[in-house]
*Asks:* 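This is the structure I have questions about; it appears just below.
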Amino acid sequence: MINNVVRAGFACSAIALSISPAQAVDLRFDGFATFEVGQVLDDKELPKDLMGNRLPFRGFDDQINFQSNNVFALQARADLGGDLSATTQIIAKGATDYDAKFTWAYISYDLTPELTLSVGRFRIPYFIYSDTLDVGYSYHFIQPPVNTYEIGGFDATNGVKLEWQTDVGGWTSRATALTGRSDTELTLPMLSAPIKGKVPRLGLLTWSMNHDWFTARAIYAHSSLSIDFKEFLDSNVFNPIEASLAPFDFHFSPGAKKQVYVQEDKAKFYGVGFIIDPGPFFVIAEATTLNLYDSFMRNPNMGQYVSAGLRIGKFTPYITIENAESDFNKKGYQRLVGELPGALHSIQDQTGAFANAHDYLSATLRGLFNADLHEEDAYNLGLRYDFHPSAAFKIEYMMANDHMHNVKPSAIAAAVSVIF
Amino acid sequence: MNTKFSREPAKAALLRRYTIGALLMIAPSFASAEIAVIVNVNNKDKITMEDVQKTYLAKTKTFPGGGKIVALDQTEGSTSRVEFVSKVVKKDEAQMKAYWSRLIFTGKGVPPKVMDSDEAVLEAVIGNPSAIGFIEADAVTDKVRVIGTI
């Protein structure tokens, strides 16, 4: 990495003369890449979507896959002098055909040696490994626990970040306050095409304390969340139900429908984690939860994991155990069902699958609330081998117990991660 | 032990003792070179080895007196660096690399500048009142101030 430091002295150039004598910029280039290959061991254990199609597991299916999780990135940092720097990170991912994107692009200013203000685009530090999610070399596993780390694509923000690092006794305290907006394209199981998701006002606080081999971390974030699928729900769910109940002159109340729509709904994110790392071994644990209010999901994701490893020379065998689950908006569901005309109880269900028309419509509505539910235990066993000072090889067996789909998918993956 | 030795022929016992003695004498310089952490002679701050560790982990950017630190590193794999990283930073080089990759790619730090020899570090520290570096203790001169030797 160090060899990549380019000192660009413009002192003699005409450009520099027009600014000030002896203007010099320290430009530094770094990069990282991960090449990953993997395959699902038994495709019959892959979960199916609503259309009956097999879903990939950890980005893999029954065909050996060389591309989907590959990452190649370049970072440039210009130290402009006077505690001012500009940084940009461009990432190309195999999953999106190496379409390069600016994940980071920001300007930082050291207000004091302890206080740094950054403005621009950066990763949102929801989790311990969020900041270096794509830098495979920086952690032991092939992928950080994917269920816990699922945040629906809201992983980057345009905003302002204030970082404060200071000593408290023998401890190093790091606090981050961040505000910004985050927009993404979401994929929901009930929709065939991605839709827009917006987090217009994100407020986030993280705090970590480190002493020698022990680090503890906590995070709190709140925002409002909007997902652009009101029209879809109206035309595919509410309008057809209301039309079929025209003889009753039935309409859901706006308040009840609001329990399903995600329109400027309140969202709160909490998390705690710790790292114990004396050197010969390490243990990392993290638990996070995202709560939504007045939307079809009450708790889109609640994840927790423990990962532990031994460092034996250049080899690091490790194990990760993870649990993730979600919960739907029960009150919202009950409110919608409660509004259905009571007379439906005595009307026959024309599909014949349910006891009466009320049960049929209740089940239809329940399907809507259930669409994005998941519950999974995951077990990963792996080995990292630092075969080169700037490169690591990893092999991992990934296995999950998917309680929602009642399948047990598993996969074998290998990866090479480098930094340069 | 003594009874066992006494059964050996005298010459063999003597040879063995010499060999062990020679190994013991070589061992310290072979297995662990003494490392001196140095600053500019004009730097009068009281700096502990813990401060040095924090500096090389980007946990502190200033000397106790408030002055900004310019930390100097050495080439990976060099005797001075291997010893320094293990004794002062208390990590091995691979761990150090993974640690710094987290800082670099999150914009939290710029790694210390890498110098290619003890002499280069010495020269840089002599010339820069904000510099801190490490070199083999044998290479120290009176033109720099030694914070500690380990």
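The sequence lines fix the lettering, A, B, ..., with proteins before strands; numbering per chain opens at 1.
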*Asks:* What do the steps show when you test B:Lys54 against A:Asp167 for salt bridge (Lys or Arg N to Asp or Glu O under 4.0 Å), and what is the final call?
*Replies:* CA-CA 10 Å; B:Lys54 282 183 175 171; A:Asp167 274 1; 2.8 Å; yes
*Asks:* May I have the step-by-step check of salt bridge (Lys or Arg N to Asp or Glu O under 4.0 Å) for A:Asp83 and B:Lys68, ending in yes or no?
*Replies:* CA-CA 11 Å; A:Asp83 304 315; B:Lys68 205 166 181 179; 2.7 Å; yes
*Asks:* Do A:Asp134 and B:Phe105 have side-chain heavy atoms sitting under 4.5 Å apart?
*Replies:* no
*Asks:* For A:Trp207, look at atom CH2 and say whether over 12 heavy atoms of other residues, nucleotides or ligands are found less than 6.0 Å away.
*Replies:*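 At most 12 heavy atoms, drawn from other residues, nucleotides or ligands, come within 6.0 Å of this atom.
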*Asks:* Can you tell which part of A:Phe122 gets under 4.5 Å to a heavy atom of chain B, answering side chain, backbone, both or neither?
*Replies:*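 Neither part; nothing is under 4.5 Å.
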*Asks:* Side chains of B:Lys59 and A:Asn210: closer than 4.5 Å at any heavy-atom pair?
*Replies:* yes
*Asks:* Specify the closest pair of heavy atoms between B:Ala58 and A:Arg174, including all atoms of both residues, with the distance to one decimal.
*Replies:* O-NH2, 4.3 Å
*Asks:* Is there side-chain contact between B:Ile104 and A:Arg28, with at least one heavy-atom pair below 4.5 Å?
*Replies:*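 When only atoms from C-beta onward are counted, A:Arg28 and B:Ile104 do touch, with a gap below 4.5 Å.
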*Asks:* Can you tell me which portion of A:Thr172 sits under 4.5 Å from chain B's heavy atoms? Options are side chain, backbone, both or neither.
*Replies:* side chain
*Asks:* Counting only heavy atoms from other residues, nucleotides and ligands, does the tally under 6.0 Å from CZ of A:Phe387 exceed 12?
*Replies:* yes
*Asks:* Where does B:Thr75 contact chain A at under 4.5 Å (heavy atoms): side chain, backbone, both or neither?
*Replies:* neither
*Asks:* Any chance you could measure A:Tyr129, atom OH, to B:Arg102, atom CZ, to the nearest 0.5 Å?
*Replies:*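 Spacing of OH (A:Tyr129) from CZ (B:Arg102) equals 6.0 Å.
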*Asks:* For A:Thr116, is it the side chain, the backbone, both, or neither that has a heavy atom closer than 4.5 Å to a heavy atom of chain B?
*Replies:*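 Looking at A:Thr116, just its side chain touches chain B.
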*Asks:* Are B:Glu93 and A:Pro389 packed together at the side-chain level, in the sense that at least one heavy-atom pair is separated by less than 4.5 angstrom?
*Replies:*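 They are not in contact (no side-chain heavy atoms under 4.5 Å apart), so the answer is no.
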*Asks:* So which of A:Ser108, A:Ser138, A:Ser85 has the largest heavy-atom pair count under 4.5 angstrom toward chain B?
*Replies:*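 If we count pairs closer than 4.5 Å to chain B, A:Ser138 comes out on top.
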*Asks:* In terms of heavy-atom pairs under 4.5 Å with chain B, which of A:Arg311, A:Glu114, A:Glu163, A:Lys314 leads?
*Replies:* A:Arg311
*Asks:* For A:Ile107, look at atom CD1 and say whether over 12 heavy atoms of other residues, nucleotides or ligands are found less than 6.0 Å away.
*Replies:*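 Result for CD1/A:Ile107: open.
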*Asks:* Between A:Tyr137 and B:Ser101, what is the shortest heavy-atom contact and its length?
*Replies:*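 Reported closest heavy-atom pair: CD2-OG, 4.0 Å.
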*Asks:* To the nearest 0.5 Å, how far apart are CH2 in A:Trp104 and OG1 in B:Thr106?
*Replies:*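 So the CH2 of A:Trp104 and the OG1 of B:Thr106 are separated by 5.5 Å.
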*Asks:* On a heavy-atom basis, which atom in B:Gln95 and which in A:Gly279 lie closest, and how many Å separate them?
*Replies:*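 Looking at all heavy atoms of both residues, the closest pair is NE2-CA, 4.0 Å.
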*Asks:* Between B:Lys108 and A:Asp131, does any NZ, NE, NH1 or NH2 come within less than 4.0 Å of an OD or OE carboxylate oxygen?
*Replies:*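 A salt bridge links A:Asp131 with B:Lys108.
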